[in-house]
K.L.:
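Once you've had a glance at the structure underneath, I'll fire off some questions.
Residue numbers start from 1 in every chain, and the chains themselves are labelled A, B, ... in the order their sequence lines are given, proteins ahead of strands.
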Amino acid sequence: MVTIDLGKTSVREGNEKIRQCGKNGEDVEVVNPDARHHIGVGLVHPITVKVKGSAGYFCAGLSDAANFEVESNVGWGVGDNMYSGSVVVGGNAGAIPGVAIRGAEIVIRGNMGSRAGQVMKAGTLCCEGNANFMAGYMMYGGRIIILGDSGEKVGEDMSAGEIFVAGKVEDLGSDAELTDIDSAEIDEVMKFLDRYKIPFKGSFQKVVNAGKKLRYATSEQQMRSIPFFSFSGASDYWNPKIQEDLYIKSQIGRYRIRGYGGARPLPHFSDIAFKKDLSLAGGDADVVSKIKMRTEIGGINGAEPLKLSMPVMIAPMSYGALSASTKRAIGLASTLSDIAENTGEGGMSDAQRGAAKQLIFQMLGGRLGWNIHDMNRADGLEIYISQGAKPGLGGQLMAKKVTPELAKIRGIPAGIDLRSPSRHPDILGADDLVIKVEELREATGYRLPVSIKLGAGRVRDDIKIAVKDGFDFIELDGMQGSTGAGSAEVIDYVGIPTLPAIIEALNALEEIGRRDDIQIVLMGGIRDGVDAVKALCLGADAVALGTSTIIAGGCIACMQCHVGQCVTGIATQDPEHEKRYDPEVESQNIHRFLESVRWQIATIANELGYNDVTQFSRDDLVALTPEAAAMTGLPYDPQYGDADLDIKVRAAV
Amino acid sequence: MCGIAGIMLKDSSDFKTGEALVNMLNGCQHRGPDSTGFALYGDSQKNTLKLRLLVGQGEIGVAAIAQIKKTLKENDASIIEDEHIGETYRATVNYSGDIQKFSYALEHAAKVVSIGNSLDIIKDVGSAEDVDASYDIRKYKGSHGLGHVRLATESDVKPEAAHPFWATGFADVAIVHNGQITNYWKMRRRLEQRDYEFRTDNDSELIAVYLADKLSQGIKLKEALKTSIEDLDGTFSFLVSTEDEIGYAKDHLAVKPMVMYETEDMVAIASEEVSLNKLFPGQALNTKEPPPGTYNTWSRSI
């Protein structure tokens, strides 16, 4: 038994020692814990850790196979995201005990705080005392045993799993109901109680999902919709896409879910232009070798940065929304072009990891597929707060796409209409976010850059928070960003366009004098190298491409991504459809597209007289419309658009 | 976007509240590294007021103090003792008139931090240790007090944006708050229609004035906290203190953390247990998490 005194060593040093002990097979006793946060996070070896006192937030979090005994109380999120192993808490637990667990056993001898077992997927959370409100909130599976009273709204919005309550069921949550228990289930519960020497004589009531809310009565059907490329007309009211929208609603009787980005014209990169005439650019075949394009992202606070061959990365898109073949093709292309790929929501498959040399692993509120092992093999960690296409809302993955394999990675029941939570269980403000970022860093030994993905909404405040909370970079996503499934109203009408988003972000950093303390990766409708350069000129450190890579890989933009019957085999989980997609061919197509982006960036840089992509300046740009000028603060000078220069530039480079 | 702390000794008036709050806030400084503040309650004497105003340092401060002294004279307040310390001017004065009018008058001279028979609010940028180093917080004794660490998000890092907030115009009422009030302007307009003046756009000041207004109508603090949960929209955990009482309220969503530890002699409330542990190092405490939509108050017995 190794003793670690947190009165003398920092939590960071203590955790390093505990991890070392885990490797060596030695058990650990932690003295003077004094409710410090993150004790024992990120353990992946069998080890017993005895905490002599109280632990703070996320004790035993992000671990697999470790056994914890905490003498007194724990703060928020005990056992956060544990895969296996156990935690026994001698006293009370704060809010969200057992949040997002994937198989561990957690026993609280005293009472437990609110939202116990939120988004848990498997395993058992047992409380000998009373639960506070919303136990089992949004749980996807597993078992909660409450020997005392249930608290209010037990089982609120749970999708699956069981909650056994021995005391009073005070109040059932939305879409939860009481059901019969068979004796085999009771035997299993009693076995669990015996194993943890919990004396109990009494009976249980069982709370489960009522199945009325999270599933549509009518399944999503394919519509003959107008392709995304088709211009909807300048009118913001009666135009063909609006008519189509009404027609679809007349068929399904509810708001329409669709893929792709907003179909409404908004000021964008074509509304700003280069001051210099670039229409004769592109003559230098050797231009790529002349421009310094290598860009490091995420290293400013000492983490190992992403090393990009150009200031471009792949935007987060999930395996789930996209087929495994598509993710493979994008991963391979990212490796061929030596940039970074991103898992998006829903976990990391071996295939994805194998295909992409540099891979960012995204964490969402539902913690779908999030786990310590994939964190350890990632090249960057990303906390998703929201996305440009639907800021403030969680992801949507319709039942057709929730296959057994996908459900297994995500830890959810197969065949549900998956609505990811719109917010994190443990990030309810900037103050909690600090503690969460620290947990991720502690669990991975401060090795990986940690980024924040922000849909453009309250940009000015959000950016300031991101800097204060110590993120290494921001992925800022404007309203022109796309999605695999979202409510059409939200996609078209909610958010801040990409142009003003980057400007507001930079102004916010200016206000607090922290421009050099964070990097910004801009995304949201960036189509090619010309858009990319304009974004870099405006002040982004790099850009991320999503939709354009999908289109380069064969997407026809029919906007039916949500249905799951994608004819090109991209946005589907149906093997028959996926067959149509050849990842080896498409990876080459996407790679060639990315190389064209590289060529465009280099050519424009060369033409503007630069030899380094960090030299781009907003002085290189003008605005062609009053709206774009107002949004960007660039000089309004429509004559630069007279000869449709922008199109000419694209043709030239 | 913050950490809050409060403590009350039910039957002691010379407990080291300053030291206790510095330690508690040390424990949760990670929730708010930008600024730190304290509301400390000490001895009180009839017709004697403690004033604290933000004046700045050096020459600027001296000029502001001259202006304040002029205003004090105009309002028949005589200085018993005073001090220019840190960013603030602190004075004890003899005054027996209307406190609301007095405070609005003083506002024309400098930003008023607090006025009270017993209350003294001290807040500045920096950590609990920084503020203690400038203002000697640890020397304060009394029966109760509040503390706050702030992570600035929507406004600047400056002393006047720090918590606690004084209920402008009402002696001895202070508040610390973690969360946000979404019907801020609606509630503010309602209070302004009754001639209350606001010194900041901060929603915490609104809560303080809201509660103080109820108290001035003879409503008990506990009842005022109850109505605050219905009247204020948003998500919040806040602590309030008066000369004799301390209380909390928590909204129905209850996403802002709060834990409390209570014995026969004392109650301590904080955003995180780590703050409570600082009061009793090495001891395992039987703490509680107040349920959503709840409130409570405690009074000192002496």
K.L.:
Does atom CZ of A:Arg423 have more than 12 heavy-atom neighbours from other groups under 6.0 Å away?
P.N.:
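Open: at most 12 neighbouring heavy atoms sit under 6.0 Å from CZ of A:Arg423.
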K.L.:
Please say whether the positively charged group of A:Lys436, taken as NZ for Lys or CZ for Arg, lies over the ring of A:Phe58, i.e. under 6.0 angstrom from the six-membered ring centre and within 45 degrees of the axis.
P.N.:
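Here A:Lys436 passes the 6.0 Å and 45° test against A:Phe58.
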K.L.:
Show your working on ring-ring contact (aromatic ring centres under 6.0 Å, His included) between B:Phe38 and B:Tyr135 and close with a plain yes or no.
P.N.:
CA-CA 11 Å; B:Phe38 302 86; B:Tyr135 299 90; 9.3 Å; no
K.L.:
If we check side-chain contact (heavy atoms from CB on, under 4.5 Å) with B:Ile4, which of these qualifies: B:Leu239, B:Leu146, B:Ile175?
P.N.:
B:Leu239
K.L.:
Can you tell which part of A:Asn92 gets under 4.5 Å to a heavy atom of chain B, answering side chain, backbone, both or neither?
P.N.:
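Only the side chain of A:Asn92 comes within 4.5 Å of chain B.
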K.L.:
For chain A, find which of B:Cys28, B:Pro257, B:Pro33, B:Gly27 contributes the most heavy-atom pairs closer than 4.5 angstrom.
P.N.:
B:Pro257
K.L.:
Out of A:Gly7, A:Ala508, A:Ser54, return the one with the most heavy atom pairs under 4.5 angstrom to chain B.
P.N.:
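Counting heavy-atom pairs under 4.5 Å, the top option is A:Ser54.
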K.L.:
Check whether B:Glu272 gets within reach of chain A through its side chain, its backbone, both or neither, counting any heavy atom under 4.5 Å.
P.N.:
side chain
K.L.:
For B:Val259, is it the side chain, the backbone, both or neither that has a heavy atom under 4.5 Å from a heavy atom of chain A?
P.N.:
neither
K.L.:
Heavy-atom cut-off 4.5 Å, strictly under: side chain, backbone, both or neither for A:Glu152 against chain B?
P.N.:
side chain
K.L.:
Heavy atoms only, distances under 4.5 angstrom: which of A:Asn32, A:Asp432, A:Asn111, A:Leu433 has the most pairs with chain B? Name it, please.
P.N.:
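Between A:Asn32, A:Asp432, A:Asn111, A:Leu433, the count favours A:Asp432.
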K.L.:
With side-chain contact (heavy atoms from CB on, under 4.5 Å) as the test, pick out the partner of B:His144 among B:Lys10, B:Met8, B:Met266.
P.N.:
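Looking at B:Lys10, B:Met8, B:Met266, the match for B:His144 under the side-chain contact (heavy atoms from CB on, under 4.5 Å) is B:Met8.
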K.L.:
Taking side chain as everything from C-beta outward and backbone as N, CA, C, O, which of these in A:Asp462 sits under 4.5 Å from a heavy atom of chain B? Side chain, backbone, both or neither.
P.N.:
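Neither part; nothing is under 4.5 Å.
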K.L.:
What class does the angle between the rings of B:Phe198 and B:Tyr184 fall in, given that below 30° is parallel, 30 to 60° is tilted and above 60° is perpendicular?
P.N.:
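Correct class here is perpendicular.
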K.L.:
Less than 4.5 Å apart, side chain to side chain, heavy atoms only: is that true for A:Leu6 and A:Asp34?
P.N.:
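A side-chain contact is absent here, since even the closest heavy-atom pair is not under 4.5 Å.
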K.L.:
Relative to chain B, which segment of A:Ile512 carries a heavy atom at a distance below 4.5 Å: side chain, backbone, both, or neither?
P.N.:
neither
